[in-house]
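Numbering of residues begins at 1 and proceeds along the displayed sequence.
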Amino acid sequence: MRSLRAVARLLRLIAHILAGLATVLLRFPRLSPDQQHARVQAWSRALLAHAGIALEIRGTPPAGGPVVLVANHLSWLDISVMHAARHCRFISKSDVQRWPVIGRLATAAGTLYIERNTRRDAMRIVRLMQEALQRREVLGVFPEGTTGDGTALLPFHANLLQAAVLADAPVQPVGLRFIDRATGRPSAAVLYVGDDTLVGSLWRVLRSDAITAVVHYGAPQHAAGRDRRVWAEDLRQAVDGLRQG
């Protein structure tokens, strides 16, 4: 029964992704940025529904920018969950841009791409983020740099916080959780760590009975004279509290 349901969900997801691609190719050029953002948020909410995932928002999402959202990273679903709660422009590894279909959708959602192993490219992204914040945009980053297993947060990389320092913009901590509603405990189905494959993780999600994605927004912070590394650790502590609260 679970496998049949998973197949039905998969077919709906494929149709939804293809419809999203058609929208990006045919309609996005005629839409304003705000209209595009609204479409991305609506599309992301529908994607979660097709995958059998409910969305719960706690705290107050930003009404507008400039602000950088920093969140813990658990799954390939995190970006869609964040978009569903409140559209933002993500900073992502450059590999994503080259992924078939997904790369095109990510680019349409406003993603900024970074070559993580190149210091010069990090400086370029900081400059682009600063310019986006000066245009009063909402940005999103995963400072851990990779997905974790949900037991403990990895150290937060501080480099990208420099953009918020330069733009004198706030950073808002966000805690992400995926709850198995049958047990009330964190869902392991969504995890994408270690030897997990995207196909395997996707299939686990589609076979799951009931998952709720919780997006918990904390209070925005300014640097207030803090060194970016000190600020990164303070934000890590705030995210850690939100993801457990």
Side-chain angles (χ1 to χ4, degrees), residues 12-51 53-71 76-114 121 124-142 160-164 166-174 176 213 215-218 220 222:
R12 289 195 296 270
L13 275 180
I14 292 173
H16 185 62
I17 290 169
L18 292 177
L21 182 61
T23 298
V24 164
L25 295 175
L26 301 177
R27 302 196 65 179
F28 260 41
R30 300 195 300 271
L31 299 178
S32 69
D34 285 346
Q35 290 172 325
Q36 291 177 359
H37 298 167
R39 289 296 180 101
V40 171
Q41 183 173 11
W43 184 89
S44 297
R45 289 197 171 199
L47 181 141
L48 296 181
H50 290 318
I53 298 174
L55 177 66
E56 180 180 335
I57 299 173
R58 300 180 183 177
T60 305
V67 65
V68 180
L69 304 178
V70 297
W76 52 273
L77 278 163
D78 293 345
I79 289 179
S80 293
V81 168
M82 292 280 284
H83 276 320
R86 206 289 177 206
H87 177 271
C88 57
R89 297 186 69 187
F90 272 98
I91 287 73
S92 183
K93 61 183 181 179
S94 58
D95 296 359
V96 173
Q97 189 174 18
R98 296 186 285 271
W99 290 356
V101 181
I102 300 301
R104 190 62 182 264
L105 293 173
T107 299
T111 302
L112 298 171
Y113 298 104
I114 181 173
D121 204 52
R124 178 186 66 87
I125 287 295
V126 166
R127 185 178 68 255
L128 291 178
M129 289 176 65
Q130 179 187 0
E131 292 170 354
L133 291 170
Q134 289 169 343
R135 293 192 298 270
R136 307 189 67 80
E137 295 186 11
V138 180
L139 306 180
V141 299
F142 298 117
L160 298 183
L161 291 180
Q162 185 63 24
L166 294 173
D168 191 25
V171 174
Q172 186 167 5
V174 182
L176 300 181
V215 186
H216 195 169
Y217 292 91
H222 279 84

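Remark: A54 pairs with R181, T212 by the side-chain contact (heavy atoms from CB on, under 4.5 Å) rule, at least two apart or across chains. Remark: F90 pairs with H83, F142 by the ring-ring contact (aromatic ring centres under 6.0 Å, His included) rule, at least two apart or across chains. Scored by the side-chain contact (heavy atoms from CB on, under 4.5 Å) test, R12 finds A8, R9, H50 as partners (sequence neighbours excluded). For E131, there are no salt bridge (Lys or Arg N to Asp or Glu O under 4.0 Å) partners two or more places apart in sequence or in a different chain. Scored by the ring-ring contact (aromatic ring centres under 6.0 Å, His included) test, H216 finds no partners at all (sequence neighbours excluded). For L166, the side-chain contact (heavy atoms from CB on, under 4.5 Å) partners are V126, Q130, Q162, not counting sequence neighbours.
Of the possible polar contacts, none joining the S92 side chain to the Y113 backbone as a donor-acceptor pair under 3.5 Å is found. Between the side chain of R86 and the main chain of P62, a donor-acceptor pair closer than 3.5 Å is present. Remark: side-chain polar atoms of R45 are paired, donor with acceptor, to backbone N or O of A84 under 3.5 angstrom. A donor-acceptor pair is defined here as one N or O able to donate and one able to accept, closer than 3.5 Å; such a pair exists between the side chain of R89 and the backbone of G110. Side-chain N or O atoms of R136 include none that pairs as donor or acceptor with a backbone N or O of A132 at under 3.5 Å. One N or O on the side chain of Q36 and one on the backbone of F28 form a donor-acceptor pair closer than 3.5 Å.
Around the CZ atom of R135, the shell of radius 6.0 Å holds more than 12 heavy atoms that belong to other residues, nucleotides or ligands. The number of heavy-atom neighbours closer than 6.0 Å to CZ of R124, taken from other residues, nucleotides and ligands shown, is above 12.
Side-chain contact check for V174 versus M82: some heavy-atom pair is nearer than 4.5 Å. Side-chain contact between T60 and Y217: absent, with no pair of heavy atoms (C-beta onward) separated by less than 4.5 Å. A heavy-atom distance below 4.5 Å is found between the side chains of S32 and Q35.
Between atom CG of residue L55 and atom OG of residue S80 there is a gap of 11.0 Å, rounded to the nearest 0.5 Å.
Minimum heavy-atom separation, L133 to E137: CD2-O, 3.8 Å. Taking every heavy atom of both residues into account, L160 and M129 meet most closely at O-CE, 3.7 Å. The minimum heavy-atom distance linking H16 with A46 is given by the pair CE1-CB, 3.4 Å. Between V70 and V171, the shortest heavy-atom contact is CG1-CG1, 3.6 Å. The two residues W43 and I17 come nearest to each other via the heavy atoms CZ2-CA, 3.9 Å. The two residues G64 and V138 come nearest to each other via the heavy atoms C-CG2, 3.7 Å.
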